[in-house]
Asker: 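Sharing a structure with you now.
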Amino acid sequence: MAAQVFNTMPFSLLYHKYMIPVSNEVTSMVLSYVEEKTNGRPLDMALDVGCGTGRYTLPLAPHFKKVLGIDICDSQINVAKRYNTANNVSYMVASAERLPVENNSVDLVSSGLAAHFFTIDKFVNESVRVLKTNGCLAAHGYHPSSEIEYRDLSHGLNTVMSEMWDTLCQQAYTTGLSEAADHMLNQYHTIYETIDLKDKKWIKDIPVKYQMSISEIFGFARSLCTCQILLEKNEKEAKQLLAQTDKSVPFGLLTLLPATLHRPGKR
């Protein structure tokens, strides 16, 4: 169901415009871990798996000679190519369970806001296959909750956002996305436990702040695949949810708590 939503051009454009960017904190943690494990050697290649429209791929570009973003959805890749601003970044349609690169050729396999959709054991096996010795696998997401800071209106606004998250999480459990929702809610801990690597870390509760306007918060809600699924299944309920959120959330500071970073190294 999620793949069908992501593989439409209108949603891909919406997703590219409004989905939250990767935080500098998470990117810095990933890169620091890679540099630590590779002993400062030149970094040749990063592979961004489930790259979507490339919002999490491009920040890797300054740190690697080559970056390849892959996604199973044609429309996501088409948008990524349209907005590609880096000469050393390329994109292609491919599966997380069958990575299109040679053995021992990648310094970093990265996956942002995507691993909860993968068949994890196959993805990990493929990652181990393509990683160089001491290469790194990093998967990160965010917990489906938020806090808004806006003068003396914070409490009321957070109540509205909490209701929105609750509705969308319930939607996930009724549309075949329960496993993905569980991964998000437990901060990828189940995924972490599945990764059979000796040298690994699970980091949680990373506070990240984004300054967002009303339209950006409204757009962010619509860029969630569960919201799009709700629109298709029950358009009236979805529009009521979005209208309530849009009406109640003024310009403010949206803090997503917590983001989750997983940085296991290769054996």
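As a basis for the values below, the full set of heavy atoms in this structure was taken, side chains included, without hydrogen atoms, waters or symmetry mates.
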Asker: What's the verdict on side chain to side chain contact (heavy atoms under 4.5 Å, CB included) for C225 and F117, showing C-alpha distance, side-chain angles and the deciding distance?
Answerer: CA-CA 12 Å; C225 72; F117 292 123; 4.0 Å; yes
Asker: With the 4.5 Å side-chain cut-off for hydrophobic clustering, are L113 and L13 part of the same group?
Answerer: no
Asker: Measuring from L99:CG to E126:CD, what's the distance to the nearest 0.5 Å?
Answerer: 4.5 Å
Asker: Between S111 (side chain only) and V49 (backbone N and O only), is there a donor and an acceptor less than 3.5 Å apart?
Answerer: yes
Asker: Evaluate whether atom CZ of R98 has more than 12 neighbouring non-hydrogen atoms of other residues, nucleotides or ligands under 6.0 angstrom away.
Answerer: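 No - once you tally the heavy atoms of other residues, nucleotides and ligands closer than 6.0 Å, there are 12 at most.
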Asker: Does the side chain of S75 reach to within under 4.5 Å of the side chain of F6, using non-hydrogen atoms?
Answerer: no
Asker: I'd like to know if the side chain of T119 and the backbone of K122 have a donor-acceptor N/O pair within less than 3.5 Å.
Answerer: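 No, T119 side chain to K122 backbone: no donor-acceptor pair under 3.5 Å.
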Asker: Given side chains that start at C-beta, do those of F220 and I20 come closer than 4.5 Å, heavy atoms only?
Answerer: yes
Asker: Surrounding CG of N24 (heavy atoms of other residues, nucleotides or ligands, distance under 6.0 Å), is the total greater than 12?
Answerer: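 It does not: N24 CG has 12 such atoms or fewer within range.
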Asker: Less than 6.0 angstrom separating the ring centers of H140 and Y188, yes or no?
Answerer: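 No.
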Asker: Considering all heavy atoms of both residues, which atom of G54 and which atom of A80 are nearest to each other, and what is their separation?
Answerer: N-CB, 4.0 Å
Asker: Mind checking the CG-CD spacing from D205 to Q187? Nearest 0.5 Å is all I need.
Answerer: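 One gets 5.0 Å once the value is rounded to the nearest 0.5 Å.
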Asker: Under a 4.5 Å cut-off applied to non-hydrogen side-chain atoms, are C51 and I77 in contact?
Answerer: yes
Asker: Please report the closest heavy-atom contact between R55 and K17, naming both atoms and the distance.
Answerer: NH1-O, 4.1 Å
Asker: Does M9 share a hydrophobic cluster with M92, counting links as ILVMFWY side-chain heavy atoms below 4.5 Å and allowing steps through other members?
Answerer: no
Asker: Between V79 and I70, is there a shared hydrophobic cluster once you connect ILVMFWY residues whose side-chain heavy atoms come closer than 4.5 Å?
Answerer: no
Asker: With rounding to the nearest 0.5 angstrom, report the CD to OG distance, E35 to S28.
Answerer: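 Separation between the atoms: 9.5 Å.
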Asker: Is the shortest heavy-atom distance from the side chain of L137 to the side chain of I195 under 4.5 Å?
Answerer: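 Yes; the side chains approach each other to less than 4.5 Å.
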Asker: Can you list the steps and then say if T57 with V67 is a side chain to side chain contact (heavy atoms under 4.5 Å, CB included)?
Answerer: CA-CA 8 Å; T57 314; V67 180; 3.6 Å; yes
Asker: Return the CG to CG distance between N134 and D107, rounded to the nearest 0.5 Å.
Answerer: 10.5 Å
Asker: Can you measure from NE2 (H63) to CG (N88) and round to the nearest 0.5 angstrom?
Answerer: 10.5 Å
Asker: Kindly confirm or rule out a cation-pi arrangement of K201 over Y33, judged by NZ or CZ under 6.0 Å from the six-membered ring centre and within 45° of its axis?
Answerer: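 No, K201 does not sit over the ring of Y33.
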Asker: With side chain to side chain contact (heavy atoms under 4.5 Å, CB included) as the test, would you mind laying out the steps for S95 and F118 before giving the verdict?
Answerer: CA-CA 9 Å; S95 167; F118 300 163; over 6 Å; no
Asker: Can you find a pair of side-chain heavy atoms, one from N84 and one from Y91, that are under 4.5 Å apart?
Answerer: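 In short, these two side chains touch, coming nearer than 4.5 Å.
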Asker: Side-chain contact, heavy-atom cut-off 4.5 Å: L60 with L58?
Answerer: no
Asker: I'd like to know if the side chain of Q76 pairs up with that of S12 as donor and acceptor (distance under 3.5 Å, no hydrogens or angles considered).
Answerer: yes
Asker: With rounding to the nearest 0.5 angstrom, report the CE to NZ distance, M45 to K66.
Answerer: 5.0 Å
Asker: Is there a side-chain contact between L43 and T38, using heavy atoms and a 4.5 Å cut-off?
Answerer: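 A side-chain contact under 4.5 Å exists here.
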Asker: Closest heavy-atom contact between D71 and G50?
Answerer: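 That closest heavy-atom pairing would be OD2-C, 3.3 Å.
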Asker: Donor-acceptor pair, distance only, cut-off 3.5 Å: does the side chain of D44 make one with the backbone of S105?
Answerer: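 Pair absent, no side-chain N/O of D44 close to backbone of S105.
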Asker: Please name the pair of heavy atoms, one in S223 and one in M19, separated by the smallest distance, quoted to 0.1 Å.
Answerer: OG-CE, 3.4 Å
Asker: Would you say the side chains of Y83 and H16 form a donor-acceptor pair under 3.5 Å?
Answerer: no
Asker: For I72 and V93, work out which heavy atoms get closest and say how close.
Answerer: O-CG1, 3.8 Å
Asker: Keeping R129 on the side-chain end and V101 on the backbone end, is there a donor-acceptor pair under 3.5 Å?
Answerer: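 Indeed, once roles are kept as given, a pair shorter than 3.5 Å links the two residues.
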Asker: Measuring only between side-chain heavy atoms, which start at C-beta, is V130 closer than 4.5 Å to V109?
Answerer: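 Yes, their side chains come closer than 4.5 Å.
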Asker: Would N7 and D74 count as a side chain to side chain contact (heavy atoms under 4.5 Å, CB included) if you check the C-alpha gap in whole Å, the side-chain angles of each, and the deciding distance to 0.1 Å?
Answerer: CA-CA 6 Å; N7 207 18; D74 294 316; 3.8 Å; yes
